[in-house]
Number of protein chains: 2
Amino acid sequence: MSAKRHNSVHFGSQAYPHGMEPTTETRRDPRRGRTRRALMDAALELVEKKDNFTALSLRLVARKAGVVPTAFYRHFPDMDALGLALVDESFRTLRQLMREVRSTSIPVKQVMRQSMETYIDYVRANAQHFQFVAKERFSGSPAIRTAIRQEIRLFTSELATDLSRFPILDKVNAEDLQMMAGLVVNNMTSLTEQVLDLPADDPEEKEFLIRTAEKQLRVIVLGALAWRSR
Amino acid sequence: MSAKRHNSVHFGSQAYPHGMEPTTETRRDPRRGRTRRALMDAALELVEKKDNFTALSLRLVARKAGVVPTAFYRHFPDMDALGLALVDESFRTLRQLMREVRSTSIPVKQVMRQSMETYIDYVRANAQHFQFVAKERFSGSPAIRTAIRQEIRLFTSELATDLSRFPILDKVNAEDLQMMAGLVVNNMTSLTEQVLDLPADDPEEKEFLIRTAEKQLRVIVLGALAWRSR
DNA sequence: CCTCCATGTCAACACCTGTTCACAAACTAC
DNA sequence: GTAGTTTGTGAACAGGTGTTGACATGGAGG
């Protein structure tokens with residue numbers, strides 16, 4: 001659930017994160033941005049099935065999108081630009097999940113278990129985007145790598161301010177909150193990568209993954225509670 | 001310190017982890033395995049400076065090693081085989097560090113701070129190998145990826161048995177020990193990747209990294225101590 | 001209507017790629 | 001020294017690559 005939305009077609013603003021797209025207006029034409037989307041989807045599929053985004057060739061992506069190589073340049077100057085657009089889109093979907101979670105009041109009793117479960121489902125539903133980010137985070141071109149790094153940093157900061165709202169942590173200073181958020185993010189990314197390598201339908205292994213991730217989060221929380229109060 | 005050793009020349013057994021190399025004997029010839037090493041070094045340098053190992057071409061590696069493309073096949077059937085040899089070598093160096101650490105009795109007072117410090121120095125001294133592993137862990141070819149995954153799993157298990165020797169944790173069952181080891185390894189890999197992106201000489205940033213990593217480890221330990229004893 | 005302009009096509013370029021084969025050099029072992 | 005094996009060389013192949021320029025199409029807005 002809550003994941004189907006990303007299958008719909010988005011126009012504009014993916015590749016121009018800071019509003020330099022051609023003044024969004026008049027988008028009644030259903031053909032608008034169609035090829036652009038086809039290119040991005042082609043790249044995502046190729047990354048999911050084959051190895052690397054960096055290893056993808058412009059021609060291959062164009063071919064998979066059902067378009068001649070030269071048409072690529074009508075939408076992106078570069079393969080790097082396509083990659084940046086994908087980074088932007090990927091984190092847009094993640095941010096959306098976070099927004100949904102924040103606006104939902106969860107029963108405190110089983111908050112951890114359920115958080116893990118919905119997160120895992122979310123990763124699997126958006127596997128292509130997460131796969132892309134996981135693969136390019138370290139091996140991508142410098143531009144893509146720093147873009148991803150920045151997004152993660154931002155995400156960590158947001159989580160830190162979320163944490164600051166818990167009354168139990170109100171004695172923890174800002175730097176330590178950031179450090180705890182980093183701890184959580186580290187283990188979330190690790191969990192993400194494990195989920196991506198999960199065999200398609202193995203509920204047993206999935207259950208084990210959930211239980212482990214939940215316990216790890218629990219250890220972190222226990223540690224955070226004991227922090228500066230020994 | 002303790003890191004210079006890996007610069008010496010190693011013969012045999014890197015690409016054949018399980019002893020199928022040509023019956024090591026009679027290695028008085030200083031030319032033996034020289035080109036092989038040159039190829040591996042060339043690949044490491046290219047990975048460190050450029051992007052991906054998967055994106056490397058056989059011809060480029062051969063050229064950088066000062067050898068004609070055809071000569072490559074005398075030493076490796078594949079680029080994949082070269083990659084596997086590098087995985088093996090990388091984890092050999094890491095295992096060596098662990099052995100040294102285990103055999104050293106550390107003053108309990110500042111064990112964490114010092115552990116972090118020596119580990120960071122170690123990563124920087126062997127940056128090429130760690131860089132290679134970090135980049136190929138997710139984006140490499142399937143063979144290389146599973147090889148790395150297996151090595152990390154093994155490393156985690158070793159750490160788990162190390163943990164089991166602490167008397168404070170003797171009430172923790174095997175599965176939970178494994179889970180705690182996973183927690184530590186997650187954050188070690190994250191730290192590793194941050195170290196690799198550290199600007200060459202920025203002692204201030206390095207100090208911040210050490211402090212954060214140390215505190216994160218401390219949170220984990222606090223959590224582990226509180227585990228099942230509330 | 002007719003003119004722009006975005007979008008897509010086609011042909012061509014210079015270059016790099018993995019892999020092959022036959023051949024030369026160098027070292028080992030007898 | 002001579003035979004045999006390992007190691008490195010050179011030329012050649014079929015094919016993929018990024019990027020170019022000139023040209024076709026077709027919808028948008030005057």
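Residue numbering restarts at 1 for every chain, and letters A, B, ... go by the order of the sequence lines. What you see below is based on every heavy atom in this structure, not just the backbone, and it leaves out hydrogens, waters and symmetry mates. All values reported here derive from a predicted model rather than from experimental measurement.
- Taking atom NZ on Lys64(B) and atom C1' on dC16(C), their separation rounds to 18 Å, with Å as the unit.
- Taking the six-membered ring for Trp and the full ring otherwise, the centers of Phe155(B) and Phe91(B) sit at least 6.0 Å from each other.
- Applying the 4.0 Å criterion to OP1 and OP2 of dG8(C), one finds that His75(A) has a side-chain N or O inside that range.
- For Thr35(A), counting side-chain heavy atoms from C-beta on, the closest listed nucleotide (dT7(C), dT9(C), dT19(C)) is dT7(C).
- For dT17(D), the OP1/OP2 oxygens have a side-chain nitrogen or oxygen of Arg63(A) closer than 4.0 Å.
- Protein atom CZ of Phe76(A) is 15 Å distant from nucleotide atom C1' of dA6(C), rounded to whole Å.
- Residue Arg34(A) contributes atom CZ, which lies 11 Å from atom C1' of dG8(C) at whole-angstrom precision.
- Set against dT20(C), dA12(C), dT9(C), the side chain of Arg59(A) has dA12(C) as its closest nucleotide.
- If you take CZ of Phe72(A) and P of dT19(D), they are 9 Å apart, rounded to a whole angstrom.
- In this structure, Ser57(B) does not reach the dC16(C) phosphate: none of its side-chain N or O atoms is under 4.0 Å from OP1 or OP2.
- The two residues Glu136(B) and Arg145(B) make their nearest non-hydrogen contact at O-CG, 3.7 Å.
- Mapped onto DNA chain D by nearest heavy atom, Pro69(A) and Gly66(B) fall at different nucleotides, with Gly66(B) at the one closer to the 5' end.
- Under the 3.5 Å distance criterion, the side-chain polar atoms of Arg124(B) are left unmatched by any main-chain donor or acceptor of Tyr119(B).
- Per the geometry, CG belonging to Asp78(A) stands 11 Å off P belonging to dG18(D), to the nearest Å.
- Between the side chain of Arg74(B) and the base of dG8(D), a donor-acceptor pair under 3.5 Å is found.
- Regarding Leu60(B), its CG atom lies at a distance of 17 Å from the C1' atom of dT19(C), rounded to whole Å.
- Both Leu58(B) and Val67(A) lie close to DNA chain C; mapped to their nearest nucleotides by heavy-atom distance, the more 5′-ward contact belongs to Val67(A).
- With respect to the salt-bridge test (charged N to carboxylate O, under 4.0 angstrom), the residues Glu117(A) and Lys206(A) do not qualify.
- The base of dC10(C) sits within donor-acceptor range of the side chain of Thr70(A), with an N or O pair under 3.5 Å.
- One interatomic measurement links the two molecules: CZ of Arg36(B) to C1' of dG8(D), which rounds to 16 Å at whole-angstrom precision.
- Note: Phe138(B) and Phe138(A) have parallel aromatic rings, judged against thresholds of 30 and 60 degrees for the angle between ring planes.
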